[in-house]
There are 2 protein chains.
Amino acid sequence: MPLLLLKDLPRYECLLESAKEFPDLDPSAAEAYLHLLRAGDDAFGVSERNLDEHGISQGRFCVLMLLWRRVHPRAADLPGAAGAEAGPRTPAELAAGANVTRATMTGLIDTLERDGFVKREPDPVDRRMMSVRLTPKADQFLREFLPGHFRTTAKLIGVLTEAERKTLVRLLTKISTQAAAMVSPSTASALIEPVAHAV
Amino acid sequence: MPLLLLKDLPRYECLLESAKEFPDLDPSAAEAYLHLLRAGDDAFGVSERNLDEHGISQGRFCVLMLLWRRVHPRAADLPGAAGAEAGPRTPAELAAGANVTRATMTGLIDTLERDGFVKREPDPVDRRMMSVRLTPKADQFLREFLPGHFRTTAKLIGVLTEAERKTLVRLLTKISTQAAAMVSPSTASALIEPVAHAV
DNA sequence: GGCATACAGTTAGGCAGCTAACGATAATTG
DNA sequence: CAATTATCGTTAGCTGCCTAACTGTATGCC
């Protein structure tokens, strides 16, 4: 459970009362926001518990899955480009895929290599780069681990009907899109931003 | 952004194809699960960005809010008990409220005290305990910070209608409840568990 | 009353994020 | 071709999370 948060969310009446003191507080928005953080944390915790039992962390698992894509490319991953590379290979590509810095990826690869899950190899062409590859041990681990992981996920989401899942995905996508717009408003105004810099 | 995760979620067709290899993979469940983690992370990131600009971390903010409840108790917090204490006071209570270990809380209070936001005082009755209290500086900080924080939340959730918010909270609550049941199934079977141990 | 147990807070050590800076190498550009 | 610029991986040092073990204090049980 990585993100610490209030164990018990404030009740709606409490939010209503706080709104009297803080006019900027939108009770229904705050309620939805807090429930989102809590549910995300809960879901994360369920999967992390699964991973812990197998002695692997969320971060390491993420790296393994990115490399797994390379070993087992799906046709859907390569819609048009025929000879395109299937997945990330270098620490920099892995860092981009996992949304962490290169420095963090160095540490993750360090421990994964120490535990025998990946191997570093120097790139023969560009001598700045390294190639990271899964070992057979990692391949075997994933084949044993993933089914249970998928069952856990299915059990967690199993409380929702198919229609509810679609609705949930739709609403969450709206929020993610809005979050992206709030963090970097340049996404929509990519044509204007450079001008602003030029001026 | 605390929980690292795939930057780009796999597409639905890709999940469908993977399901051929892994029968335990429920594509719609996996899709909903991944979107939940991503949206939770996105929402978390938006608020964390807000906090960072004010030089305070999510964990510290959580502690301040727990202590704030004590300074400004709401009537809704005290439904029946008249003279009951309003909020957490000791490091152990704060740790329970923030869902972290006591050791972690020690570190958080250390830095908060160093920065002048809280003060430790020994408990006059039970000499094992400490009392943690907000300083006027923290009170002023929160009064200045919270309105912006609430506006950010309202803007993020603003993409949803009131009806959508209600739906979202309902679905997320279902998932959180299921997660709790999966992590500690003893909640419902507290009478059976001890027997199992006795045998 | 004396001793085992339980509990509060801290400390020590590990992992996983981050930023900033570095050396080595490649690419660009005058 | 030479020099600047950019990129790759790594290192060092920070924060914040964890577990395990420790000290001091209260409590419970003969």
Side-chain angles (χ1 to χ4, degrees), chain A residues 1-5 7 41 44-45 48-49 51-64 88-115 117-133, chain B residues 1-7 41 44-45 48-49 51-64 88-115 117-132:
Chain A
M1 300 81 178
L3 63 93
L4 95 169
L5 199 63
K7 183 181 233 166
D41 191 36
F44 189 81
E48 194 174 50
R49 181 165 153 273
L51 286 161
D52 278 349
E53 286 169 8
H54 290 78
I56 198 137
S57 77
Q58 189 73 230
R60 290 210 253 266
F61 177 63
C62 186
V63 175
L64 293 182
R89 181 176 58 93
T90 69
E93 288 168 355
L94 290 168
N99 239 347
V100 297
T101 61
R102 295 198 315 270
T104 298
M105 189 52 63
T106 294
L108 285 171
I109 295 172
D110 280 347
T111 62
L112 281 171
E113 190 169 33
R114 184 198 62 194
D115 295 348
F117 285 107
V118 304
K119 243 184 80 177
R120 280 185 174 98
E121 292 166 359
D123 185 301
V125 180
D126 189 331
R127 299 206 298 175
R128 291 173 303 182
M129 297 188 187
M130 303 290 287
S131 274
V132 183
R133 290 194 307 122
Chain B
M1 301 81 177
L3 63 93
L4 95 169
L5 198 62
L6 301 170
K7 183 181 233 168
D41 192 36
F44 189 81
E48 194 175 49
R49 181 165 151 274
L51 286 161
D52 278 349
E53 287 171 7
H54 290 77
I56 197 137
S57 78
Q58 189 73 229
R60 290 210 253 267
F61 177 63
C62 186
V63 175
L64 293 182
R89 182 176 58 93
T90 69
E93 288 168 355
L94 289 169
N99 240 346
V100 297
T101 62
R102 294 198 313 272
T104 297
M105 190 51 63
T106 294
L108 285 171
I109 296 173
D110 280 348
T111 62
L112 281 171
E113 191 169 33
R114 183 198 61 193
D115 294 348
F117 285 108
V118 305
K119 244 185 79 178
R120 279 187 175 96
E121 292 166 359
D123 186 301
V125 179
D126 189 331
R127 300 207 298 176
R128 290 173 303 183
M129 298 188 187
M130 302 290 286
S131 274
V132 182

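Fair warning: this is a prediction, and the values are worked out from it, not measured in the lab. Throughout, protein chains are lettered first and strands after them, A, B, ... in sequence-line order, and every chain is numbered starting at 1.
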Practice problem: Nearest whole angstrom, please: distance from the P of dG17(C) to the CD of Gln58(B). | Solution: 17 Å
Quiz prompt | Whichever of Gly107(B) and Ala103(B) has its nearest DNA chain D nucleotide further upstream toward 5' | solution = Gly107(B)
Quiz item: To the nearest angstrom, how far is Asp126(B) atom CG from dG24(D) atom P?
Solution: 16 Å
Practice problem: Go through dT25(D), dG17(C), dA6(D) for me and flag the one nearest to the Arg127(B) side chain. | Solution: dT25(D)
Exercise. Look at Thr104(A) and dC18(C) and indicate whether a side-chain polar atom (N or O) is within less than 4.0 Å of OP1 or OP2.
Key: yes
Exercise. Please state whether the phosphate of dG16(D), meaning OP1 or OP2, lies under 4.0 angstrom from any side-chain nitrogen or oxygen of Ser57(B).
Key: yes
Practice problem: Inspect the surroundings of CZ in Arg133(A) and state if more than 12 heavy atoms from other residues, nucleotides or ligands are less than 6.0 Å away. | Solution: no
Quiz prompt | Gap between atoms CG and P, on Leu64(A) and dA16(C) respectively (whole Å) | solution = 12 Å
Practice problem: Taking the side chain as every heavy atom from C-beta outward, state whether Thr90(B) and Asp123(B) have any pair of such atoms under 4.5 Å apart. | Solution: no
Quiz prompt | Backbone N/O of Arg128(A) and side chain of Asp126(A): donor-acceptor pair under 3.5 Å | solution = yes
Practice problem: To the nearest Å, give me how far apart CE (Met130(A)) and P (dA26(C)) are. | Solution: 14 Å
Quiz item: So what does Val125(A) hit on the nucleic acid, given a heavy-atom distance under 4.0 Å: a base, only sugar-phosphate, or nothing?
Solution: sugar-phosphate
Self-check item: Residue Arg128(A), side-chain atoms from C-beta onward, closest of dA16(C), dA6(D), dC18(C)
Solution: dA6(D)
Practice problem: Using only side-chain N and O atoms of Arg120(A), determine if any of them is under 4.0 Å from OP1 or OP2 of dC8(D). | Solution: no
Quiz prompt | Short side-chain to backbone donor-acceptor contact, Glu93(B) and Arg89(B), under 3.5 Å | solution = yes
Quiz item: Phosphate oxygens OP1/OP2 of dG9(C): is one of them under 4.0 Å from a side-chain N or O of Thr106(B)?
Solution: no
Quiz item: Among the nucleotides dA8(C), dT19(D), dT25(D), which one has an atom lying closest to any side-chain atom of Thr101(B)?
Solution: dT19(D)
Quiz prompt | Whole-Å distance separating the CD atom of Glu48(A) from the P atom of dT19(D) | solution = 10 Å
Quiz item: Rounded to the nearest Å, what distance is computed from the CZ atom of residue Arg102(A) to the P atom of nucleotide dA24(C)?
Solution: 17 Å
Quiz prompt | Whole-Å distance separating the CG atom of Leu108(B) from the P atom of dC17(D) | solution = 5 Å
Quiz item: To the nearest angstrom, how far is Leu51(B) atom CG from dT15(D) atom P?
Solution: 17 Å
Quiz item: Does a nitrogen or oxygen in the side chain of Arg60(B) sit under 4.0 Å from OP1 or OP2 of dG16(D)?
Solution: yes
Self-check item: Shortest side-chain distance from Ala92(A), nucleotide among dA26(C), dC8(D), dT19(C)
Solution: dC8(D)
